[in-house]
**Student:** 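The structure under discussion is supplied below as structure tokens; questions concerning it will follow.
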Amino acid sequence: MWTLQPLNFRVSSYSHHQTTVAFRPSTTTSPSTLSTTNHNASIQSLCEKGQLKKALKLLSHEPNPTQHTYELLILSCADQRSLSDAFIVHRNLIDNGFDQDPFLATKLINMYYELDCIDRVRQVFDETLKKTIYVWNAFFRALSLWGHGEEVLGLYRRMNRIGIPSDRFTYTYVLKACVAAESLASLLQKGKEIHAHVLRHGYESHIHIMTTLVDMYARFGCVEDASSVFNEMPVKNVVSWSAMIACYAKNGKPLEALELFRALMLENCDTLPNSVTMVSVLQACASLAALEQGKLIHGYILRKGLDSILPVISALVTMYARCGDLELGQRVFSQMEKRDVVAWNSMISSYGIHGLGGKAIEVFKEMVSSGVSPSPISFVSVLGACSHSGLIEEGRYLFESMVKEHGITPTVEHYACMVDLLGRANQIDEAAKIIQDMRIEPGPKVWGSLLGSCRIHGNVELAERASKRLFELEPRNAGNYVLLADIYAEAEMWNEVKRVKKLVEARGLQKVSGCCWIEVERKIYSLTSVEEFNPQIEQIHALLIKLFMEMKEKGYVPETKVVLYDLEADEKERIVLGHSEKLAVAFGLIHNCKGETIRITKNLRLCEDCHSFTKFISKFAGREILVRDVNRFHHFKNGVCSCAEYW
DNA sequence: ACAGTTACGA
């Protein structure tokens, strides 16, 4: 293994000289004394052909390598991803007196960034005395992309203090740094400040900087700010459009994303969507479960020849699966010639959300045997699949192999999967033990998983412990309070229910109300329990009441424990009958009379009563019903659900 | 010479 050696022993300082005098190494030989062997041209052409090893061999025989030779060698090392060769080139460059060349320092920083060698990036930056703006920018780029945003902002302040002017590149990296901060503290304010600097320096129509701003606001979830920057851009290109579409798609505004995509198509100018654009558009279709819309987009992708681009294919697989058509996703996946880890992961998680844990594990194994190494996300996907299918032993085994065979250190996400897996299977004590033994701080996801399990198994005592931590970690997440209130209600602890409700009120939180979507003839309809706008609401209610009566006679028992009020039984029945998924089922029955599968999407987890109601109806009405809740799919057929009660 | 947008999970 290579160890980090000190390169030289000069004290580092931040130079503010902005001179552009070309650098000359101290030991240059004049042209007349050049040795007879000059390999520079050969080394350069070997680098360009990717024959790095041969180039290095020649380098050892070349007494006077030039700056350009080193430049190409450095690029080649990054290209070949060879850290050991990088060290050889770097050493050689120092020995030949180029260690203070700011041009090569810039190249070295970029190379070491590519090679993931953070110590060397710092070392080169620190030891280069004449820090040109290029050197600063390269360092900022590496740190920002590595997520050390705060350090960049600190250095930026220092730069301003010693009077080094920023250029357009500096601004893009510093803006990126605002969202790349390691601490949880939001640097939105800082970002807005820099936004002001940018405007003050007359960059308001600079397409790169403005696009970076759109992206920055998008990542902070400030959709309004992003769109106002976008709208004020005098010139836009595909990248700016893509950034804005991605902003909508990622911030729970899929309809707006599709709308903007339509606007882009209608612009009819020379800006055409590219593969990056299409990925975000597919994401929007996936979150809406807009299958028909997604198929149209797929057609467009085929026509534009974007169907061989890996990210696009992965997004297609996910889109089909999340729209409920697993078979189409499978077909797209099976036709892939080359698969990267992301493509495999999308297929694994597709099986997972459809409750086919066995298939997910199979595909996972196929991936490994085809020579693709699993990523941390592969394990999140496959462990999630195990959890959805109740494959406890398999999940345990995979978790262990992740650490021992694949050398992946578990993250909070992995622990959350394990807690979920064990918790659902009513091995709550073991789940709690996992949390106890964690070597990292269990985040909200982990406590959330535990609380969810307590909900399923009615464990009040542990729920109180989990929620106590959860309320500290994310005091403004209303969902957690609702979960705890659910658990109290189920245990008929009405005073505690009231206490939690008061807490929610006191903190001014709004609980997310249930909402369902259903696509009828390529249009998407939304239904909520406080439905007032649907003109057919009376017809829906009438149908529900009719079904309710008939099903009760056949043995359906309403599950009213989910109601958070201490009311009479019939009153509770009335409330659960109004749940949005039941309205959506009835809406589907009314509109989709050809006997096709009814597809519904829900924004929250399915409640117990709706689950058993839909099971009943699938048999009673002889219809297949597919419901996607926040976590997974439920495929109701002939009185049975594909989730086998794991959800 | 250094730049902006994208996929897989919760």
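All chains are named by letter (A, B, ...) in the order of the sequence lines, taking the proteins before the strands, and each is independently numbered beginning at 1. The figures here come from the full heavy-atom set of this structure, side chains too, leaving out hydrogens, waters and symmetry mates. Just so it is clear, the structure is predicted and the values come from calculations on it, not from any experiment.
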**Student:** Taking atom types as modelled and ignoring hydrogens, do the side chains of A:His90 and A:Arg120 form a donor-acceptor contact shorter than 3.5 angstrom?
**Tutor:** yes
**Student:** Closest approach of A:Leu421 and A:Gly395, non-hydrogen atoms and distance?
**Tutor:** CD2-CA, 3.8 Å
**Student:** Identify whether any heavy atom of A:Asn237 sits under 4.0 Å from a base atom; if not, whether one sits that close to sugar-phosphate; answer base, sugar-phosphate or nothing.
**Tutor:** base
**Student:** Residues in side-chain hydrogen bond (donor to acceptor under 3.5 Å, both in side chains) with A:Glu337, at least two apart?
**Tutor:** none
**Student:** Has the side chain of A:Asn237 got a donor or acceptor atom that lies under 3.5 Å from a matching backbone atom of A:Val239?
**Tutor:** yes
**Student:** Which pair of non-hydrogen atoms, one from A:Ala321 and one from A:His354, has the smallest distance, and what is that distance?
**Tutor:** O-NE2, 2.9 Å
**Student:** Given the ring of A:Tyr70, does A:Lys107 sit roughly above its face, with NZ or CZ under 6.0 Å from the centre of the six-membered ring and within 45° of the axis?
**Tutor:** no
**Student:** Test A:His68 against A:Gln44 for side chain to side chain contact (heavy atoms under 4.5 Å, CB included), laying out the working first.
**Tutor:** CA-CA 8 Å; A:His68 186 51; A:Gln44 289 167 18; 3.4 Å; yes
**Student:** Where along residues 307-335 of chain A does a heavy atom come under 4.0 Å from DNA chain B, residue by residue in number order?
**Tutor:** A:Pro311, A:Thr318
**Student:** Please find the earliest and latest nucleotides of DNA chain B, in the 5' to 3' direction, that have an atom within less than 4.0 Å of any heavy atom of chain A.
**Tutor:** B:dA1 to B:dA10
**Student:** If you look at every strand shown and take non-hydrogen atoms under 4.0 Å, does A:Arg219 touch a base, only sugar-phosphate, or nothing?
**Tutor:** sugar-phosphate
**Student:** Look at all strands and tell whether A:Asn137 reaches a base, only sugar-phosphate, or nothing, counting heavy atoms closer than 4.0 Å.
**Tutor:** base
**Student:** Using a heavy-atom cut-off of 4.0 Å across all strands, would you classify A:Lys236 as base, sugar-phosphate, or nothing?
**Tutor:** nothing
**Student:** Classify A:Glu71 by what it touches in the nucleic acid, base, sugar-phosphate, or nothing, heavy-atom distance under 4.0 Å.
**Tutor:** nothing
**Student:** Does A:His201 have more than 12 heavy atoms from other residues, nucleotides or ligands lying within 6.0 Å of its NE2?
**Tutor:** no
**Student:** Select base, sugar-phosphate, or nothing to describe what A:His206 touches, counting heavy atoms under 4.0 Å on all strands.
**Tutor:** base
**Student:** Which part of the nucleic acid, if any, lies within contact of A:Asp340, taking any heavy atom under 4.0 Å across all strands shown: a base, the sugar-phosphate backbone alone, or nothing?
**Tutor:** base
**Student:** Determine the contact category for A:Tyr173: base if any of its heavy atoms lies under 4.0 Å from a base atom, sugar-phosphate if only primed atoms, P, OP1 or OP2 are that close, otherwise nothing.
**Tutor:** sugar-phosphate
**Student:** Kindly confirm or rule out a cation-pi arrangement of A:Arg339 over A:Phe333, judged by NZ or CZ under 6.0 Å from the six-membered ring centre and within 45° of its axis?
**Tutor:** yes
**Student:** At under 4.0 Å between heavy atoms, what does A:Ser349 touch on the DNA or RNA strands: base, sugar-phosphate, or nothing?
**Tutor:** sugar-phosphate
**Student:** Identify whether any heavy atom of A:Ile207 sits under 4.0 Å from a base atom; if not, whether one sits that close to sugar-phosphate; answer base, sugar-phosphate or nothing.
**Tutor:** base
